Amino acid sequence: MKAFALVLLATAVAVVPTFEPVQPDLLRAGGAFVNAFADYDGDGDPDLFVGFNGTANRLYRNDAGTLTEVAAAAGLADARATRAAAWGDIDADGDPDLLLGFAPGAGPVLRLYRNDRGIFADATSAADLTVEAGAVRQPAWIDIDADGDLDLFVAFRDRANAFYRNDAGRFRDVAAEVGLADTRKSVGAVWFDYDEDGDLDVYVGNMDGDANGLYRNDKGQFTDVAERVGLAWGGRAPRETTNGTVRPCAADVNGDGHIDLFTANYGPNGLFLNRGGGRFDDVSRAWGIAIDARYDSCAFADFDHDGRLDLYVNGTVTGGTSYRDYLFRNTGSAFEDVTPDNIRALQADHGVQWADVDGDGDEDLALTGSRPDGMHSLLRNGLPEEDARRSIRVRVTDTRGRATRAGAEVRLYAAGTRRLLGARIVDTGSGYDAQNDAPVHFGLPSSGRVDVEVIWPSAGRRSATTQTNVAPTGKMIAVSVK
């Protein structure tokens with residue numbers, strides 16, 4: 001009865017969302033596609049990389065909520081059209097490195113930057129990652145073979161997808177050997193243990209009327225089961241050449257501990273609830289999310305700290321039409337449009353990320369727009385202070401403190417019980433063709449203490465670590481799993 005009362009209270013006093021621009025003069029330039037967060041300098045707050053469409057890329061160092069542009073000094077000011085970015089500690093030295101994907105043109109389309117105390121050096125050739133051509137889309141760093149280092153998946157829109165196995169810092173494409181060399185027009189992908197059997201699977205979003213793929217991982221071999229489990233089309237019309245899935249996002253939408261799927265589509269959006277045992281139900285219409293338009297990206301966050309994951313969806317600009325963005329509040333059984341007018345006016349159309357940039361306990365919103373007169377904005381979440389502090393951030397690492405556990409699941413329980421308060425996954429692909437290296441964020445409807453459980457699916461096992469009796473004060477804790 002107490003839990004039910006809390007839900008009613010959260011619904012009755014629903015917060016009106018307010019988001020205010022941060023340093024708008026600094027973040028004024030348009031023509032931006034991808035954005036991604038990581039604490040590249042190790043000072044405890046999230047820094048922001050933004051990739052542009054042919055003008056110099058930017059890296060914003062975050063100092064207690066104040067941003068300074070440092071890309072040139074850090075070695076990341078490439079002036080090539082940038083379509084993808086993924087942070088990951090590929091050399092396992094404790095700081096995040098950065099992979100970039102460029103549009104075809106002058107030189108190879110992948111570039112790997114190794115981070116050495118905040119200065120980035122080109123390590124592409126040394127890592128055997130020189131790729132001369134291809135329309136790069138979603139990259140993701142994940143440890144598939146459970147050997148303690150990060151492997152690399154890259155989706156391509158115009159050639160077979162690649163999967164590079166990491167062997168002592170050198171990468172070899174084994175996609176054809178393991179069943180991941182999909183030749184469809186892939187754009188987005190997200191890795192998670194959909195069938196909860198102890199290894200990471202991948203859902204791939206494809207465009208131009210191609211079906212999506214759900215690749216089940218069985219001891220390192222992958223089989224496409226999307227048609228079998230009802231995920232082949234992601235809520236859009238089958239074989240319609242003007243439709244496609246740009247961005248799949250994975251999150252526990254209904255709070256039952258299973259990781260669900262949302263698809264940002266050209267065509268109606270899709271929402272599929274994971275019922276366990278590898279089964280999904282299409283609830284797109286029931287949840288009010290099947291809006292037929294053109295969308296480029298999605299990102300989940302509990303912006304109002306009522307304990308439920310809300311959703312931001314970017315509309316795109318195509319055929320002379322600018323499709324609108326949505327901020328959806330999760331009511332527990334549906335999504336309702338609560339988009340503030342100032343966000344609708346921005347017309348962001350590609351990158352979207354959430355992170356607690358100012359350290360006040362709630363998640364702020366970072367957006368990009370690809371038009372020359374567009375934007376790359378950071379918007380501060382105006383959640384009241386007492387509500388913002390009802391949160392916890394969980395940094396998941398291996399036992400040596402390295403961030404090599406992308407795809408791990410984090411669950412919160414009421415302290416001393418198994419009453420689930422929420423579940424999240426460590427980022428394996430987010431926003432627009434990006435991957436963050438960041439803690440997972442939980443907002444909570446009450447200030448009661450919680451137990452934190454981290455589950456790491458690898459090599460057919462789901463290893464778990466629990467930290468008990470944690471106070472949700474807006475601070476970050478670290479939890480390591482084997």
Side-chain angles (χ1 to χ4, degrees), residues 34-52 56-64 66-80 82-102 107-131 136 139-143 147-154 164-172 353 355 357 395-406 426-428 433-439 476 478 480:
V34 63
N35 55 359
F37 282 103
D39 181 11
Y40 85 92
D41 55 0
D43 65 352
D45 47 27
D47 310 296
L48 177 63
F49 173 83
V50 181
F52 285 80
N57 293 335
R58 299 190 180 189
L59 176 65
Y60 293 101
R61 188 186 67 223
N62 180 2
D63 298 303
T66 299
L67 302 183
T68 303
E69 207 288 294
V70 297
L76 292 178
D78 295 286
R80 287 185 59 182
T82 302
R83 296 291 182 268
W87 292 97
D89 186 3
I90 60 98
D91 52 4
D93 66 350
D95 55 25
D97 310 294
L98 181 63
L99 180 86
L100 298 182
F102 299 128
V109 295
L110 294 182
R111 183 167 295 167
L112 175 63
Y113 282 106
R114 192 182 306 277
N115 182 357
D116 184 9
R117 300 181 182 181
I119 303 298
F120 292 83
D122 188 344
T124 313
S125 178
D128 290 338
L129 276 174
T130 301
V131 178
V136 181
W141 296 105
I142 60 273
D143 182 8
D147 63 353
D149 55 28
L150 289 173
D151 309 299
L152 175 65
F153 173 85
V154 182
Y164 300 95
R165 178 166 287 140
N166 183 351
D167 294 312
R170 304 185 78 87
F171 292 83
R172 181 172 67 92
Q353 301 288 352
V357 174
R395 176 73 165 164
V396 178
T397 69
D398 63 19
T399 54
R400 287 185 282 177
R402 306 172 306 177
T404 59
R405 295 296 182 253
V426 178
D427 192 7
T428 63
D433 296 338
Q435 183 180 19
N436 301 298
D437 176 25
M476 184 175 74
S480 64

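The structure displayed is predicted, hence computed values, not measured ones.
Across Ala84 and Pro139, no two heavy atoms sit closer than the pair CB-CD, 3.6 Å. When all heavy atoms of Pro108 and Phe102 are compared, the closest pair comes out as O-CD1, 3.9 Å. Nearest heavy atom pair, residue Ala406 against residue Trp141, reads CB-O, 3.4 Å. In terms of heavy atoms, Arg395 sits closest to Met476 at CB-SD, 3.9 Å.
Looking at heavy atoms from C-beta onward, Val50 lies out of side-chain contact with Val34 at the 4.5 angstrom threshold. Two residues are said to be in side-chain contact when any heavy atoms from C-beta on lie closer than 4.5 Å; Tyr60 and Val357 fail this criterion. At a threshold of 4.5 Å between non-hydrogen side-chain atoms, the residues Ile90 and Leu152 do not count as touching. Counting only heavy atoms from C-beta outward, the side chains of Arg405 and Val426 never approach each other to under 4.5 Å. Annotation: side chain of Tyr113 is in contact with side chain of Asp78 (closest heavy-atom distance under 4.5 Å). Within the 4.5 Å cutoff, the side chain of Phe49 has heavy atoms near those of the Leu100 side chain. For the pair Leu59/Phe120, a side-chain contact is recorded, criterion being any heavy-atom separation below 4.5 Å from C-beta on. Between Asn115 and Pro96 the shortest side-chain heavy-atom distance falls below 4.5 Å.
Listed for the Asp97 side chain is no donor-acceptor partner under 3.5 Å among the backbone atoms of Asp89. Between the side chain of Asn35 and the backbone N or O of Leu48 there is no donor-acceptor pair closer than 3.5 Å. Although no hydrogens or angles enter the test, the distance criterion places no donor-acceptor pair under 3.5 Å between the side chain of Gln435 and the main chain of Gly88. No donor-acceptor distance shorter than 3.5 angstrom exists from the side chain of Asp167 to the backbone of Arg170, with no hydrogens or angles considered.
Applying the side-chain hydrogen bond (donor to acceptor under 3.5 Å, both in side chains) criterion to Asp116, with sequence neighbours excluded, gives no partner residue. For Asn62, there are no side-chain hydrogen bond (donor to acceptor under 3.5 Å, both in side chains) partners two or more places apart in sequence or in a different chain.
Between Asp427 atom CG and Trp87 atom CH2 the span is 13.0 Å, to the nearest 0.5 Å. Note: Arg111 CZ to Thr82 OG1 = 9.0 Å, rounded to the nearest 0.5 Å. With rounding to the nearest 0.5 angstrom, the CG atom of Asp143 is 5.5 Å from the CG atom of Asp151.
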Where do Asp95 and Arg114 land on the salt bridge (Lys or Arg N to Asp or Glu O under 4.0 Å) test, with the steps shown first? CA-CA 9 Å; Asp95 55 25; Arg114 192 182 306 277; over 6 Å; no
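Residue pairs meeting the salt bridge (Lys or Arg N to Asp or Glu O under 4.0 Å) criterion with at least one member in residues 41-51: none, sequence neighbours excluded.
Partner Thr124 forms a side chain to side chain contact (heavy atoms under 4.5 Å, CB included) with one of Val131, Leu99, Thr130 and no other, that one being Thr130.
Classification of Asp128 and Arg172 as a salt-bridged pair fails, no side-chain N sitting under 4.0 Å from a carboxylate O. Taking the charged nitrogens against the carboxylate oxygens, Asp149 and Arg165 have no contact shorter than 4.0 Å, which rules out a salt bridge.
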